[in-house]
Each structure stands twice: as C-alpha cells, then as structure tokens.
Amino acid sequence: MLDLKTVRKDPDPALAALARRKDGSQDRLAEALQLDERRREILPRSEQISAEQNAANDAIAQAKRDGADASDAIAKMKEIAAEGKALKAELAEVEERLATVMGQVPNPPDPSAADEDTEISRWGEPLPEGRDHIELAGHLIDMEAGARVAGSRFAYLKGDLVRLELAIVQFMMDKLGGQGFTPVIPPVLVRERALYGTGFLPDTEQQIYRLADDDLYLTGTSEVALASLHDGEILDEADLPLRYAGFSPCFRREAGAAGRDTVGIFRVHQFEKVEMFVFCSPEQGLEEHERILGIEESVMQDLQIPYRVVNIAVDDLGSSAAKKYDIEAWLPSQKQYRELTSCSNTTDFQARRLGIRVRGEGGSPRTAHTLNGTATALGRTIIAILENHQQPNGMVRLPEVLQKYGAPAEIGEK
RNA sequence: GGAGAGGUGGCGGAGUGGCUGAACGCACUCGCCUGCUAAGCGAGUAUGGGGUUUAUAGCUCCAUCGAGGGUUCGAAUCCCUCCCUCUCCGCCA
C-alpha cells in the first residue's frame, strides 16, 4: 500500500514507476487520487457538521445540567444530524472505494529493478548433463501413493531423503541463528487479513487454498504469518532489525501450472520451507536486502550447488515487492537454471497494510520496512543436491556440511 | 463441543447515557528543591485523518475506550454480530 499523503504531493514518480509493471496499475493509482480528491472535498464539510453537532450537544448537556429547557437545542441538533447523515454516507462510500482501489495498487518498483530478468552473477561449475532426481532417488519418493491419497503433485518422501531434509533444516537454523535470526514455527492457517496484509490478496487468490467451513486460508509461505507477527505494532527502532527464520509447510494450488514440471517433486502442492523475514527501519532496507541475498548465496555455496543470481523483471515482481532477486540452481537433468530461492524488498508496502511502524528516540512513528527471502525450499534444494552431487554410478554423495546434522554420506540404490 | 467472566491510554485501574480523550495510581520526560541517593513540588507524556502552512514546526477541527453495525438529539456506558482473552467441564497430539 502506498502512502497517499506522499503520492498526492508528487504523483508522477509513483505513476511512472507503476507504469513499468505494464499491468495498468498506474491507472488504478490515478483513480485512487481522484477518489482521494473527492474525499477531501467531502471530509471538511462532514467534519464541519460534526463540529456543529458537538457544539449543539454541549449546549444540550449544559441546559440539562442547569435544569433548563433543552427542547430547542434538541430540535436544532436533530436538524444538523439529519443534514450530516447523507454527507457521511457519501463519505463512507468514497472511502470504501478508495480503500479497495488502493488495496489493488502494487508496490512501485525500485529504479534498480530490472526491465527483463537479468543475470547478475554466476557461481560454480555446472555438470553438462545428468540423471534427474527421480532416477537418482525415486525409490525414496512415492508419487503414486501421493497421487492416490491426495491427488497429483503430492508425494511421500521416505528414508534417507527425510533424514536429508531434516539435516538441511537443522543446518539452516544453525546458520541463520548465527546471523541474528530467531527460529519460528508459525501458523500455516491464517485469516484473510494476514494474506491481505502481505499483498497475496487481492492478487493471487487462485493460488491459495481456502477452507470450506472456517474463514481460514492455508499459507503458501511462512512470510504471511511472519509479517503478521507484529501486526498493528509500533516497534522500538533500537530493537531493529528484527530477523525471523520461519519453518513451515507451504501449500500452493498451482492453478494454471498444468503440464509444467510434472516430473517428481519440483512443483508440488505441499512442501517445507525455511523463510527469512526481516522488520527494519526505512534506512536499513536496502542493506538488509543485500544481506539476505548474501545469505542465500552462502547457502548455495555451502551445499556446493552451482547457481546464478537474477534481478527479476518488474512485471514479475508480485504485488508486494519493489525489487526481487532469484537464485536459480543448475539442474543437470534439465540443462538449465531453475528457481530455488528468492528474496524481496517489500519496502513499506506490507508494513503499511498491516499497520506496522517503528519509533526512534523521541520521534513520531514511521511505517516500517519488511523483507523476505527463502533460506531453503526443501523439495527443490533436495533436487538440486541430488542432481549436482550425483556420481557416475548413480549414487549421490551428500555435502559434508550436512552430515553432522544427521544426513547420510551417500544416497542411492545400491 | 458445553457453561460462565471479561476486553478502557506504556502498565494497573475507575467509569452503566451528556460535565470523560477519558478520574486515580505506576512508569517516563522536563523543571524546581535536597551537598550524593531516596523522598517532595510543578508541568507534561496516545494514534490516525482534514484544514492552515515552505514545513514531518505551530495552531485548529474531526475520529478513536477490541472490531463492525444499531438505538438515541447525544454512546466507553444500551442492543446485535464478529474477534480475542480467562475460568470450569468434555475431548485430545
């Protein structure tokens, strides 16, 4: 959500930035500005009436206290109230429309966000080709049972793959703990407000599972619950940045993805993820974004997975991000880089929607900034590890760093 | 799932229709005072929005007592719905 007060003073930068998204959002902002103007036409008149009402009210109260006859004052009050009623109804309507339109305006992209997906760096030496994760560990992934029990794009992970996943999680929590992140297991069922606040609604409803009998949604990322952890709060600037590492399952309907990535667990309806989330001051945002990216790269290097970093195109940012980096891992079986993690600077977009502010020494509150990034998406990380550490004999030698966290040294069908 | 109680400012806690943006206490800030400390005295201390303004300063108006509706000339106070917290019973990982 944009700050109308700021935009109103100088609309052009926001309109120009939104135009880069090529989704017509600058038109919605323009509509919002018109509604805002209308609102500020009506509001002073409405408030004027309220003030008269308050004054008349005081007169009635005074008369009653003095034991005098208040019927004249009451009659006047009735008149004023009736006059204000229509105006207030109109105001409420304008404000409701304004809120709806503003809720649909995405975050204006940062100037440094790319026009097209742009590779900005590369690391590691990719294998030219190789077996896919099903060929390598299919005996530990039961897609048939998954489909039978829950439908397509569900799987059972078994045996050493589970040990591998849990080792990665423990490794991540250790690593992130050292970087000031507090481990969190958040709710994965949330109210609409949490999804609205993070900008997933109204925007990506077709991706979100909703419960039939309760007003709850299954979250596609713990970002939703982590952002809402401080819903409505004013944070002490001295405590910032607040960094959380959420570990949770993630649920995505993958509507519209039919026919894409149908092999194995690359694209499934349910997976686990460790997610970084940061609350910080406006000044700290840029630095935190680079820091999160640095951590994500460091994880790839720890796990010895060749990757590239991509500055994501403005028209692919999602509503909340002003800028986003993806880290794409090399998958030898596909002979291409595929998204493994991403990190977004959502600036004040989510914080304003959620009413999260920061207050410094003696200052008045300002809207906070938030950022998020994938520490590790377990399914895809497992795929990348399997494919990039495969041996000519079909076995997989797992990264040494994971072994002290309980991962086996080797996976495969002997 | 059943039965109750309750949600007021940073905290505690008054307030059952007008004099309450909100008593009183605590905490905090500034000043005074006491050769330190403590105590004491005085003043102040919410958030959002509109207008005015070069101004996020000041002034002024409006709104806010969990949220949203309603009754009323007037609601923290009465009614309805929702959310949340707590207690007891049941169930349960």
Side-chain angles (χ1 to χ4, degrees), chain A residues 1-10 32-103 185-197 211 213-217 225 228-239 247-249 281-283 348 351-369:
Chain A
M1 178 101 58
L2 281 74
D3 178 28
L4 256 181
K5 249 172 154 174
T6 307
V7 176
R8 181 193 295 151
K9 271 184 219 155
D10 186 15
L33 286 167
Q34 284 183 353
L35 287 165
D36 174 55
E37 205 172 314
R38 181 90 188 102
R39 169 173 180 266
R40 285 182 305 127
E41 265 170 40
I42 303 168
L43 189 60
R45 282 157 51 205
S46 166
E47 288 189 347
Q48 174 65 31
I49 288 170
S50 293
E52 284 172 27
Q53 232 168 320
N54 288 341
N57 200 17
D58 287 346
I60 296 170
Q62 188 61 47
K64 291 268 185 188
R65 253 172 283 138
D66 295 346
D69 177 29
S71 52
D72 282 358
I74 288 175
K76 188 182 173 206
M77 186 75 171
K78 271 184 170 158
E79 204 178 301
I80 296 169
E83 190 188 339
K85 202 170 178 186
L87 202 55
K88 280 174 184 165
E90 191 185 354
L91 180 65
E93 194 186 317
V94 169
E95 288 187 333
E96 193 186 327
R97 277 173 58 207
L98 178 59
T100 301
V101 174
M102 279 305 284
I185 294 180
V188 294
L189 283 169
V190 301
R191 291 218 181 87
E192 184 177 353
R193 171 168 169 84
L195 284 159
Y196 173 83
L211 299 203
D213 293 332
D214 299 275
D215 290 329
L216 292 171
Y217 299 80
S228 301
L229 182 56
H230 294 297
D231 185 345
E233 293 183 23
I234 299 178
L235 307 171
D236 187 341
E237 212 160 316
D239 299 334
F247 173 50
S248 79
S281 72
E283 292 74 26
D348 60 0
R352 182 164 293 108
R353 289 164 91 96
L354 287 166
I356 301 169
R357 290 167 293 172
V358 302
R359 182 181 353 236
E361 194 70 26
S364 53
R366 300 181 292 160
T367 301
H369 277 216

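Lettering of chains follows the sequences in order, A, B, ..., and the numbering in each one begins at 1.
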(message) I need the CG-P distance between A/Asn57 and B/G21, as an integer number of Å.
(response) 10 Å

(request) For A/Lys88, report the nucleic acid contact type (base, sugar-phosphate, nothing); a contact means any heavy atom under 4.0 Å. (result) nothing

(message) According to salt bridge (Lys or Arg N to Asp or Glu O under 4.0 Å), who are the partners of A/Arg193, at least two apart in sequence or on a separate chain?
(response) A/Asp231

(request) Return the set of residues passing side chain to side chain donor-acceptor pair (under 3.5 Å) with A/Glu233 (not counting sequence neighbours), or none when no residue passes. (result) A/His230

(request) For A/Arg40, enumerate each residue passing the salt bridge (Lys or Arg N to Asp or Glu O under 4.0 Å) test, keeping only those at least two apart in sequence or located in another chain. (result) A/Asp36

(request) Only counting residues at least two apart or in another chain, list the ones meeting side chain to side chain contact (heavy atoms under 4.5 Å, CB included) with A/Glu95. (result) A/Arg39, A/Leu91

(request) With P as the reference atom in both, quote the distance from B/A63 to B/A55 in angstrom, rounded to an integer. (result) 26 Å

(request) With a 3.5 angstrom cut-off on both distances, give the Watson-Crick or G-U wobble partner of B/A3, or none if there isn't one. (result) B/U87

Pull out every protein N or O sitting under 3.5 Å from an N or O of nucleotides 81-84 of chain B, one pair per line with the distance.
unit_1	atom_1	unit_2	atom_2	d
B/C83	O3'	A/Arg191	NH2	2.2
B/C84	OP1	A/Arg191	NH2	2.3

(request) In whole angstrom, give the distance that lies between atom CD of A/Glu37 and atom P of B/G51. (result) 11 Å

(request) Figure out the CD/C1' separation between A/Gln53 and B/U72, and round it to whole Å. (result) 12 Å

(message) Whole angstroms only, please: what is the CD1-C1' distance between A/Ile74 and B/C73?
(response) 5 Å

(message) Counting C-beta onward and ignoring hydrogens, is there a side-chain heavy-atom pair between A/Arg359 and A/Asp236 closer than 4.5 Å?
(response) no

(request) Using both distances under 3.5 Å as the test, list the Watson-Crick or G-U wobble partner of B/G21, or none. (result) none

(request) Provide the distance between the two C1' atoms, one in B/U77 and one in B/G70, to the nearest whole Å. (result) 15 Å

(request) For A/Leu87 and B/C62, give me the distance from atom CG to atom P, rounded to whole Å. (result) 15 Å

(message) How many whole angstroms separate atom CD of A/Glu237 from atom C1' of B/U56?
(response) 14 Å

(request) Taking atom C1' in both B/G68 and B/A75, compute the distance separating them and give it to the nearest angstrom. (result) 15 Å

(request) Would you indicate whether the side-chain heavy atoms of A/Val94 and A/Ile42 approach each other to under 4.5 Å? (result) yes

(message) My understanding is that a pair needs two contacts under 3.5 Å, Watson-Crick or G-U wobble. By that rule, which nucleotide pairs with B/U72?
(response) none

(message) Would you measure the distance from the P atom in B/U71 across to the matching atom in B/U56 and give it in whole Å?
(response) 39 Å

What protein N or O atoms touch nucleotides 63-71 of chain B N or O atoms at under 3.5 angstrom, if any, and at what distances?
unit_1	atom_1	unit_2	atom_2	d
B/A63	OP2	A/Asn54	ND2	3.3

(request) For A/Lys78 and B/U72, give me the distance from atom NZ to atom P, rounded to whole Å. (result) 9 Å

(request) Could you give the distance separating B/U72 and B/U85 at their P atoms, to the nearest angstrom? (result) 35 Å

(request) Under the salt bridge (Lys or Arg N to Asp or Glu O under 4.0 Å) rule, collect the residues that match up with A/Arg353, sequence neighbours excluded. (result) none

All N/O contacts under 3.5 Å from nucleotides 47-49 of chain B to the protein, with atom names and distances to one decimal?
unit_1	atom_1	unit_2	atom_2	d
B/U47	OP1	A/Arg359	NH1	2.6
B/U47	O3'	A/Arg357	NH1	2.7
B/G48	OP1	A/Arg357	NH1	3.1
B/G49	O2'	A/Arg39	NH2	2.8
B/G49	N2	A/Glu47	OE1	3.2
B/G49	N2	A/Glu47	OE2	3.2

(message) According to side chain to side chain donor-acceptor pair (under 3.5 Å), who are the partners of A/Asp3, at least two apart in sequence or on a separate chain?
(response) A/Thr6

(request) Return the nucleotide paired to B/C92: Watson-Crick means purine N1 to pyrimidine N3 with N6-O4 or O6-N4, wobble means G-U with N1-O2 and O6-N3, both under 3.5 Å. (result) none

(request) Tell me, please, which residues at least two apart from A/Glu41 pass side chain to side chain donor-acceptor pair (under 3.5 Å). (result) A/Arg38

(request) Take A/Arg8 and A/Glu37 through the test salt bridge (charged side-chain N to carboxylate O under 4.0 Å, His left out) and record every step on the way to the result. (result) CA-CA 9 Å; A/Arg8 181 193 295 151; A/Glu37 205 172 314; over 6 Å; no

(message) For B/C28, give the paired nucleotide (Watson-Crick: N1-N3 plus N6-O4 or O6-N4; G-U: N1-O2 and O6-N3; both under 3.5 Å), or none.
(response) B/G44

(request) For A/Arg352, enumerate each residue passing the salt bridge (Lys or Arg N to Asp or Glu O under 4.0 Å) test, keeping only those at least two apart in sequence or located in another chain. (result) A/Asp348

(message) Once side chain to side chain donor-acceptor pair (under 3.5 Å) is applied, do any residues pair with A/Glu93, and if so which ones, sequence neighbours excluded?
(response) none

(request) Figure out the CG/P separation between A/Asp58 and B/G74, and round it to whole Å. (result) 14 Å

(request) Please state whether the phosphate of B/G51, meaning OP1 or OP2, lies under 4.0 angstrom from any side-chain nitrogen or oxygen of A/Arg40. (result) yes

